[in-house]
Structures are given as structure tokens and as C-alpha cells.
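Chain letters run A, B, ... following the sequence lines, proteins first, then strands; residues in each count from 1.
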Protein chains: 2
Amino acid sequence: MVNIGDVARAAGVARSTASYALSGKRAISDEVRDRVHRAARELGYTPNAGARALATSQTRVIGLLAQFLPDEFAPAMLQYIQGVTDSARDAGYDILLSSDPDGPGALGRITDSRMVDGIVLLNVAADDDRLPVLRAAPQPGALVGLPRDCTGVDVFDLDFEESGRVMVEHLHALGHRELILVSQPEHVIERGGAYVWRLQDAAVEAAASRGLTLHTVHGSSEQPRIGRELHALLDAHPEATGLLLNNEAAAAALPTVLHERHRSAPADLSVVGRYSDEFARTFSLPFSSIESAPDRLGRMAVRQLVRRIEKQVSAEAPHVVRFVSPELVDRGSTAPPLGQQ
Amino acid sequence: MVNIGDVARAAGVARSTASYALSGKRAISDEVRDRVHRAARELGYTPNAGARALATSQTRVIGLLAQFLPDEFAPAMLQYIQGVTDSARDAGYDILLSSDPDGPGALGRITDSRMVDGIVLLNVAADDDRLPVLRAAPQPGALVGLPRDCTGVDVFDLDFEESGRVMVEHLHALGHRELILVSQPEHVIERGGAYVWRLQDAAVEAAASRGLTLHTVHGSSEQPRIGRELHALLDAHPEATGLLLNNEAAAAALPTVLHERHRSAPADLSVVGRYSDEFARTFSLPFSSIESAPDRLGRMAVRQLVRRIEKQVSAEAPHVVRFVSPELVDRGSTAPPLGQQ
DNA sequence: CAGGTTCATCGAACCGGTTCAACATCTCAA
DNA sequence: TTGAGATGTTGAACCGGTTCGATGAACCTG
């Protein structure tokens, strides 16, 4: 392969001159600069990434640590990844993807070997065991998801509290007084998915302060089962007129369940979910929902990370904890309850 | 960060000795080897990836070029990625993921800068414009998907011809004589998705040789629309008793469509699809299907690629074109046609 | 016209590994 | 006792970039 020495020789200059001509970090005469650029182009010169990383201790690669969990919905995960890769490319970075089940181990290896300039962590749990490793690493880190302790990293997440309130307020404003909230299964909470509580607690409080009844339940994340659970739930609470879904499997199953019960939204039941627009499109879900915008969160994380890498914010600058405010996408699945139109 | 010089000094040996002690590439006395290993452990030494790549011209990174197409179903794409990352990790490689819409450009940059030891290409089109770039690169390449010209690369794909035949034969054996095949939309074919033809042509031939009627149609890939198209199709061919689906959107929409028509499979219509088991699980699809096993294809591609990288097969060894034979997963959605049980 | 600036270029050192050739020591056979 | 061979260790070179300090030429200024 052609290296910078070949380019220099072809242009009749020193190696250092060729480097300066290509990087523009020192004044070079127009004539020499053109000669070098022409030589580089004609020889098809591309700098060797390893050598450049060694010399500059910058790799222009961002590490992306995801965990592919079997009960996590693929469309959302792919959207995170897409947001991250797209904005990384826009900023001139490549993505090193790891899905190693041993998160801390993979993270330590990647950071210690200096393969990356920064790290993005997906599926962050409340007590994420990758966080101590990330804090000890010399590279900056950005998280998607809210851990208990945010020191030393930039954090981005949907505002789940506000999401819970918005869902309740929306149905309350229409006149509903008996609501059901279907959350994620308990094992999601156990592995650190605190966002389930964040939404649920805020919803419960919002309902209480308005004198509404709110039944909360943890639904399954497996497909045939959640359907049966929804049937049982609707049987148990015939008086409920509003259904809140913070559980993708439940949202995917609900159209069939309603069909089987010869019910429809919003005529018999007002429904509002919490999932991404992409998810809704994939499953052609007809329910209004809080848009969780995974790609936007991925973009935000990368943008802030790049700012830190390129020292546009000082290393001592306070770290960011930013919550994306929820946006209710109205798909017409909510209306005043029966007998109140 | 601690480098091999620090380790050598702590162990009281030369840099080269430390290197040999850690790599085991030369005989080193037990005593010195232990001293070096202990020093490395105590100092927390991790080799610098850039320096090692520069010295060995090996990066232990595999480039993964995917294209996130808006009408491609996320679960399948994620499964490819998962198969690739998992088997790469097992072989001791990391993954550099690119989703650049400019495939040839990104590929050339990654290979020329020597960031990777090999390349895996996903969503390979019949005349894929990344292929000339890949053939010109010094690194070996493995494809998932069948291009027109397979020279210089290893190729892995589902056997779509056999899949078409299996679907037809399965329904024929049950006694069906009037079939419908719903394929992917035409724009998928136009951008190089030759697999659509491969399945369809084989199905047509299999039907013809058995004296069966097979109506073929290209369905949409968008969600509300494909449902209406299925209705129209079933209206137009009331005599058809068997439905073949090579279109994920159609498979996802069919349960609702059948429900709306007060029909069910296999009582009124025998249905067999072609999609991955993961896809079926995500959508809880009740139809028997040809398992397309994207993770298995990703694994096979990486394994062969690693063999080439590590010279376990010579560079002159003939390249592989391997078709995974289809496997029919019986979910009970096919039966003899009405009046023939 | 001496002396100080500015500009363009160059040589050498450095980043952190790996690897080759050389060398010292020890063993064993002749 | 000499010499060949095996064993363990070392210094130096190299991979391909970047960057620092030095140098020489051209230009100004007084």
C-alpha cells in the first residue's frame, strides 16, 4: 500500500512537508501543496489508521456498547443504533460495535487498548456494572438511559415522569376516571430498568391528585401470553375506560385482543401507549402514543460525546443530564368515555 | 497509560523480552516469563491497538457494512448483526459497523486505511456497487446475499429456489391446486433483490410441473396498504386455497385481514410464509414458514472470513458459494383444502 | 548593508508495539 | 579441550504517521 513517504517522493519533498501539505497545519507554498495533493490523488493515498492513531492518540472511532436482550424489541434497538451511527458519520467518526454479554469486560478491553475516542452506552441500568469501568477510562462517555449515579458521564433519556403525567392528564381531560396502566414485566425492573417505576410512580401520583382510579399491573413481554393477560385484565376491570401501555408487547397484542372482544378504540376504550413512532409503523399500531424517539436520543448522546472528545467543552465542564420531553402523537385512539360525548 | 516498556522495566528485562514473554513466540525461561506476566498484571497493561496494528498489520477488527433501508424489517436486520457480532467475538474480533448510505465510499475508506482485517457485506444486491471496491481491497470479503458475479468473495445465502419449491410442494402434497404467491414489491427487485425472482420463478416452475395454478403478485411493503391489497387479492381469487408469502409486511398484516374477513388458517386458507423465526416470534405470527435464519448466515459469513484472514485456507483456495437449505417450521397453518379432509 | 522577521522546508524524534540478527552462556559430544 | 548446538536475552530496526526545532532564503527596516 502507498504511504506518505511514497507521496513525498513523488512530489519531490520531505515526508514532513507532505504531511503538513495534506493537513494544512503549517504554511506551505501553493505550488508544493498542489504537487503533494496531486501525488496523493494519483497514487491513491489513504493514511494508515493505526499509524495515525499511534502518532496522535486519536482514532476517530466511537465505541458503542449495546446489549441484545431477548425480550427487548428489535425495532427500538435498531433505531438507537441507527441514530448513533448516523450522527457519528456526520461528525466524521466510525462505530465500533460490541454486544458482548460481558459488558464491563468488553468495555475495559476497548478503552484500555485505545481503540476508541469515546463510548456510548445503550440499555443503561440503574446500577449498571459498566459504569465504574467507564469512569475509570480516560475516554469520555455518554449514556442513553438514566443510572442512579450520573457522575462523570453525560446522560440522555426520555422524561418518563413527565410521560406518565402526560398520559394521565390527557385521558383525564377527556373525562376518564377509571384507568389501567400496563407496565413492563418485573424482571425488566429487576435488571435495572428504573424507567418503569419512573413512569408508573408519576402516573399514580398524577391520578391520585386528580381523584382518578389507576390500576397498575406488570404485563409479560412474551407474545402469546401478554394477549391472555390483557383479556384477563379487561375482564377484571370492566369499568375502566382508559388504558395506558408502557409495554411494547402489550401494544402489539392489543389490536387482536380488542378484535376478539368485539371492542374498538376509542369507541369502547381510550388507549395511549409509550413507544417509538418507528415501532408503531412496523406494527401499524393505531394507538396514540408518547413518542420515545430512540434515534433522537442516540444522536444527542453522540453529539455531546463528540463535543467532549474534541474539547469543545472542557473536561471539567459539568456533565449533562438531559431528559427529552415526551410528545404525544395523536392517532385518534382516545375520546371522551361512553355516555359523555 | 502503561506501555510494554514500563512492564519490561518493572520486570527488569528488555522490551523485546517482555514482548516475547507475553506472546510466547520464543522460548523464555519460566522465571522471566512469570516476572513479566506479574508485572503486566500489576500495572494493568493492555497493548495499544494502534501500535500493534502498525507493527503486525493486523487489527483484529472486522468491518460490517449494512444498509438500513426504511422498508426493511428491523428484526431481521438486527438478527444479521447479532449473528455477525456474536461469532466475531467468539473468534476474538471486534466489529466496525458502517451504515453509510454511500456504501462504496465507506468501504473504500475503511479498507484503504487498514482499519479492518476483513469485510462482511449485508443486503447484497445483484449488481452491488460495493463489490468492485471490495475486490480491489487487500482484505478478504464475505457476503450475505447472492450477487450476479461471485468472483473473489465468499457468498452465503438462503436457497430461495429450493424455498419456493418446498412451499409449493408442501401445499400440493396436502391437495391444494389453486395457489397465490405474494412477493416483495417491485422496487425491492429493482434495487437488486434478485432473491425475489429466485423464489418466485422456482415456485412457478414447481407449480407448472404439477399442473397447479399459481397466481403471483407483488405486494406493498407499507403497513396499512398491504392489508388492503391482501383483501383485494383474496376477493379476486376466491377459488384459491393456498397462500404463499414472500413478503414480511404481508405476513404481519394477514392475521388482521383474515380476522376482518371472518376467515382463519388453516380452516379456510392454508398459509405458508418465508421469514425468520425471530420475526415470527416478534409478531406472534401463527403461520408455518420457511426459516430464513439470518443469524446463521451472519455466523457462517464470519467464520469463513476468519478462516481466510488467518490463512487457514489459502488466498488461492476457491471461493465458496453456499446456500442454506430451507427448513419448514410447522405452526399448523396448513391443512388439506375444504371438502378434502 | 548589517540585523531582524517571516516564510517554506527539512531532518530527526516520537508514538508503542513486533521481530530479526547477534550474542552470551551452558550443555554435550568428539 | 575444543567446537557445535541449543537456549535465553538483548539492542536495533521497522511499521507509517505527526510534530518540534533548526535552517536557509527572501524580505524589511534603519
### Message
Quiz question: by atom type and distance under 3.5 Å, do the side chains of A:S98 and A:D100 form a donor-acceptor pair?
### Response
no
### Query
Is the CZ atom of B:R89 crowded by more than 12 outside heavy atoms at less than 6.0 Å?
yes
### Step-by-step side-chain contact (heavy atoms from CB on, under 4.5 Å) determination, A:V306 to A:I62
CA-CA 9 Å; A:V306 167; A:I62 287 173; 4.1 Å; yes
### Message
Rounded to whole Å, how long is the line connecting atom CD1 of A:I28 with atom P of C:dT6?
### Response
18 Å
### Query
When rounded to the nearest 0.5 angstrom, what distance separates CG in B:L65 from CG in B:L134?
9.0 Å
### Protein-nucleotide distance (B:R33, atom CZ; D:dT9, atom C1'), rounded to Å
15 Å
### Task
Any chance you could list the contact pattern along nucleotides 15-20 of chain D? Use B for base contacts, S for sugar-phosphate-only contacts and - for none, protein heavy atoms under 4.0 Å, 5' to 3'.
BBBBBB
### Message
Please classify the nucleic acid contact of B:A27 as base, sugar-phosphate, or nothing, using heavy-atom distances under 4.0 Å.
### Response
base
### Query
Has the side chain of A:R299 got a donor or acceptor atom that lies under 3.5 Å from a matching backbone atom of A:G83?
no
